[in-house]
Student: 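Handing you a structure now.
Letters A, B, ... are given to chains in the order of the sequence lines, protein chains preceding strands, and every chain is numbered from 1. Values below: all heavy atoms of this structure, side chains included; hydrogens, waters and symmetry mates excluded. Fair warning: this is a prediction, and the values are worked out from it, not measured in the lab.
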Protein chains: 4
Amino acid sequence: MARPLSEEKRQAILAAATDAIATVGVAASTAKIATAAEVSEGTIFTYFATKDELLNQLYLELKDDLGRAMLATYPAKAGLRERAHHVWDRLIEWGHTNPAKNRAMKQLSVSDKITPASRNAGNAVFEEVNNLLSEARSGTSPAFCGAILEALSEKTVDFMRREPDRADAHKAAGFAFFWKGLTG
Amino acid sequence: MARPLSEEKRQAILAAATDAIATVGVAASTAKIATAAEVSEGTIFTYFATKDELLNQLYLELKDDLGRAMLATYPAKAGLRERAHHVWDRLIEWGHTNPAKNRAMKQLSVSDKITPASRNAGNAVFEEVNNLLSEARSGTSPAFCGAILEALSEKTVDFMRREPDRADAHKAAGFAFFWKGLTG
Amino acid sequence: MARPLSEEKRQAILAAATDAIATVGVAASTAKIATAAEVSEGTIFTYFATKDELLNQLYLELKDDLGRAMLATYPAKAGLRERAHHVWDRLIEWGHTNPAKNRAMKQLSVSDKITPASRNAGNAVFEEVNNLLSEARSGTSPAFCGAILEALSEKTVDFMRREPDRADAHKAAGFAFFWKGLTG
Amino acid sequence: MARPLSEEKRQAILAAATDAIATVGVAASTAKIATAAEVSEGTIFTYFATKDELLNQLYLELKDDLGRAMLATYPAKAGLRERAHHVWDRLIEWGHTNPAKNRAMKQLSVSDKITPASRNAGNAVFEEVNNLLSEARSGTSPAFCGAILEALSEKTVDFMRREPDRADAHKAAGFAFFWKGLTG
DNA sequence: GATGAATGAGAATTCATTCAT
DNA sequence: GATGAATGAATTCTCATTCAT
């Protein structure tokens, strides 16, 4: 099993899958994904052994992408609130500017095709954030806080999308809620 | 005249669908649902014109069920915090004692088969709660608060399920987070 | 097996079947026919044991109807040409003013659901016409002539429908062709 | 690259469809057609997007086949009667030696699945014949004559099949009728 | 007798995957 | 390695017919 030749092609498949899954869910057919990726039906299976593997790898890529975005330019030396604010803004920005990725991740998250192993690996991305949050003295465990952070940011993005006029207000309100909940 | 439609059978189908969708998502086949409901494949379609209609009606039933549970024994005269606490407890209880309903609703919520009309009708259930929450002076709009409440309770139930030993702690921490976020 | 109560209902079913079959062919569902006849699905089967029987009886009724129309006011004493002309006019008139019956009969005629027995009985209707035609000295057998008459009149009606402006011309040309073919 | 579509397989499907439709009409199931064509059920749909498309393409192929047969060895320089006779003989021969094609075409012709576009294209085949016939001074329009020719030949073939002993007589009588009708 | 819910055997079509080219 | 035709199980939905009401 030589490594597949073209990382470019692999990314094209993943990108096409993201779009397809965002719209129709994990039921998106491999044929449609192949067409969108401008790749033949068979080629998908030289890059991913099965559709389930494609799904799991996409899930991981998206989590990784989100994690990378979240911690980019992370101000490690800043105060707790500032760092939390920074993470919040990155999270919202990612969700808001990447609707397809955002929706695809939601679909994948509820799918039974994603293995527990993938879920764990995906959550690992939030470890650093957990550390950050554990500094805040709160009754809630770090892992739980991380999950809440994700859930809140997702709902916030939903509302920003639903009411674009009040996007900034929602973004601020969402963080305020989070911060007060965490530390208030 | 003739045999009347049996509400019992309709409920059996919805219950079977709930279980099936909870495990495999909206891709659950009508054939499997029929078998689980102890009904013939064709019968599904005398109760629901299409699978999509079944999905939408189930979504509505679940929302309704949740709403009813949430507001059962609602202490209208009590203080704000007590009323919020009451709602929170009902919400958690519903999710925790009805894992299938809980998961099915999650699957349906992300599915593109649920029409905007159904979503609106489903959200209407939360109107009363919105009223409750709007009393609390907070920067967040009532609708947004309702959504946050739902999201938080879902995550809380997730963690209660994941770590049964700390179920009560999670439940309390979840409410504390919500209350502080709302009013803190 | 008491005789079904209502001849009226029976006719309603046959009429509805005629329309349905005219449009979608013998695949027309009994449910649709029942609805159109303003009768319940089950009732169809108290008047006709099976769908095939309905089809066969309808075929016979239509043939009978056509035969009756064809020989109505038949000028038994007139000359051969006049009598032939009379039959032709009745035939064309029937087809032209009863498009649904006309089309339904075409559909039934090519269907394998019509039994040989029904076909024979249906052809019997043309016996009298055969007698008429056999007077004309021609190489063609009476039965063959009858069939040709039917085929020609059908095509003529088709063209009258397709080109309504020239309906009368087609009608005349059709008869001219028939008469010359027969006697020329 | 990859396996090319096999014209052989396409023809096998069309041939199987011809037989199936000849016997049970356009209701012939794709599954049965596939089996008869020794092809898997799915394969039908790589050659024809839908069953309706299969039906329309088959209709066109049959018309084309008939047209080709009709004009094969056409004696363009011969006298009118001889040319007409030639066409008649080819028509009868085609119908008589290809009962399945003959019946399938009849079924397709009355089906509402055949689009107007297909019908037009199918009729185009008779254009050359129309030209031939228009030479004969007759009251009937060329298109109408073509239709009559088709109808007469079909009935003739029917009778030849029904009474094989008199096949030749019927064939001759049919032409005599046609010729007299046209020119008499 | 009339009704229409119940049934389950098909129906057309889709799809992940394999494999000949 | 890339391609896309081939496959057949699985899917949603339809339908003639039966039978409880």
Student: For the helix from E/dA2-F/dT21 to E/dT21-F/dA2, how many degrees between its two end axes (five pairs per end), to the nearest 10°?
Tutor: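 What I find for the helix from E/dA2-F/dT21 to E/dT21-F/dA2 is an axis angle of 10°.
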Student: Atom CD of A/Glu8 and atom P of F/dG1: how far apart are they, to the nearest Å?
Tutor: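 Roughly 17 Å, once rounded to whole Å.
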Student: Expressed as a whole number of angstroms, how long is the span from C/Ile44:CD1 to E/dA5:P?
Tutor: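 For the pair C/Ile44 CD1 and E/dA5 P, the rounded distance is 16 Å.
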Student: Can you check the A/Ile13 CD1 to F/dA2 C1' distance for me, whole Å?
Tutor: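 After rounding, the reported distance stands at 11 Å.
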Student: F/dA10 P sits how many Å from B/Lys32 NZ, rounded?
Tutor: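 It works out to 8 Å between those atoms.
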Student: Within the distance-only criterion (no hydrogens, no angle test), does the side chain of D/Asn56 pair as donor or acceptor with the backbone N or O of D/Thr115 below 3.5 angstrom?
Tutor: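 Confirmed, D/Asn56 side chain pairs with D/Thr115 backbone.
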Student: Pair D/Arg103, C/Asp112 - check salt bridge (Lys or Arg N to Asp or Glu O under 4.0 Å), show working.
Tutor: CA-CA 11 Å; D/Arg103 281 178 190 132; C/Asp112 63 325; over 6 Å; no
Student: Between the side chains of C/Thr43 and C/Thr46, does any donor sit under 3.5 Å from an acceptor?
Tutor: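 No pair is found: no donor N or O on one side chain lies under 3.5 Å from an acceptor on the other.
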Student: If you assign each of B/Gly42 and D/Phe45 to its closest nucleotide in DNA chain E, which residue comes earlier from the 5' end?
Tutor: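 The residue mapped nearer the 5' terminus is B/Gly42.
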Student: Heavy atoms only, 4.0 Å cut-off, all strands: where does D/Ser29 land among base, sugar-phosphate and nothing?
Tutor: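 Since only primed, P, OP1 and OP2 atoms lie under 4.0 Å of D/Ser29, the category is sugar-phosphate.
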Student: Please figure out whether D/Ala31 or A/Ala27 has its closest DNA chain E nucleotide nearer the 5' end.
Tutor: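 Upstream on the strand: D/Ala31.
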Student: Rounded to the nearest Å, what distance is computed from the CZ atom of residue C/Arg10 to the C1' atom of nucleotide E/dA2?
Tutor: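 After rounding, the reported distance stands at 18 Å.
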Student: Salt bridge check, D/Asp19 against D/Lys32: does any charged N sit closer than 4.0 Å to a carboxylate O?
Tutor: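 Here D/Lys32 does not pair with D/Asp19 in a salt bridge, since their nearest N and O are not under 4.0 Å apart.
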Student: Assign D/Ala34 to base, sugar-phosphate, or nothing according to its heavy-atom contacts below 4.0 angstrom with the strands shown.
Tutor: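 If one applies the 4.0 Å heavy-atom cut-off, D/Ala34 turns out to touch nothing in the nucleic acid.
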Student: Taking C/Lys51 for its side chain and C/Val26 for its backbone only, find out whether a donor-acceptor pair lies under 3.5 Å.
Tutor: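 Answer holds: yes.
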Student: From the set E/dA16, F/dA6, F/dT3, return the single nucleotide nearest to any side-chain atom of A/Lys51.
Tutor: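 That would be E/dA16.
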Student: Among the nucleotides E/dG10, F/dA6, E/dA6, which one has an atom lying closest to any side-chain atom of B/Tyr47?
Tutor: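 Minimum distance to the B/Tyr47 side chain belongs to E/dA6.
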Student: As a test of reading the structure: which of E/dT3, E/dA6, F/dT12 is closest to the side chain of C/Thr46, going by heavy atoms?
Tutor: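 For the C/Thr46 side chain, the nearest candidate turns out to be E/dT3.
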Student: Does A/Lys9 reach a base, just sugar-phosphate, or nothing at all? Heavy atoms under 4.0 Å.
Tutor: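 Result for A/Lys9 = sugar-phosphate.
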Student: Separation of A/Phe48 atom CZ from E/dC15 atom C1', in whole Å?
Tutor: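 Going from CZ in A/Phe48 over to C1' in E/dC15 covers 18 Å.
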Student: For a quick test of reading the model: is some side-chain N or O of A/Thr43 closer than 4.0 Å to OP1 or OP2 of F/dA2?
Tutor: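 The answer is no; no side-chain N or O of A/Thr43 sits under 4.0 Å from OP1 or OP2.
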Student: In whole angstrom, what separates D/Asp52's CG from E/dT13's C1'?
Tutor: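 Atom CG in D/Asp52 sits about 12 Å away from atom C1' in E/dT13.
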Student: Answer yes or no: is there an ion pair linking C/Glu61 with C/Arg10, defined by an N-O contact shorter than 4.0 Å?
Tutor: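 Looking at C/Glu61 and C/Arg10, the cut-off is met.
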Student: Checking contacts here: which listed nucleotide (E/dT3, F/dA2, F/dA20) is nearest the side-chain heavy atoms of A/Ser40?
Tutor: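 Among the listed nucleotides, the one closest to the side chain of A/Ser40 is F/dA2.
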Student: Please classify the nucleic acid contact of C/Ala28 as base, sugar-phosphate, or nothing, using heavy-atom distances under 4.0 Å.
Tutor: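 Sugar-phosphate, no base atom in range.
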Student: Between C/Trp94 and C/Asn102, is there a side-chain donor-acceptor contact under 3.5 Å, judged purely by atom types and distance?
Tutor: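 On atom types as modelled, these side chains do not qualify, holding no pair under 3.5 Å.
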Student: Using modelled atom types only, decide if a donor and an acceptor are shared between the side chain of D/Tyr47 and the backbone of D/Leu54 within a distance under 3.5 Å.
Tutor: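 Judged by distance alone, no pair lies under 3.5 Å.
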Student: Can you measure D/Glu41 atom CD to E/dT13 atom C1' for me and round it to whole angstrom units?
Tutor: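 So the CD-C1' distance, D/Glu41 to E/dT13, works out to 10 Å.
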Student: If you assign A/Val39 and B/Val26 each to the DNA chain F nucleotide with the nearest heavy atom, which residue ends up on the more 5' nucleotide?
Tutor: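 So the residue in question is A/Val39.
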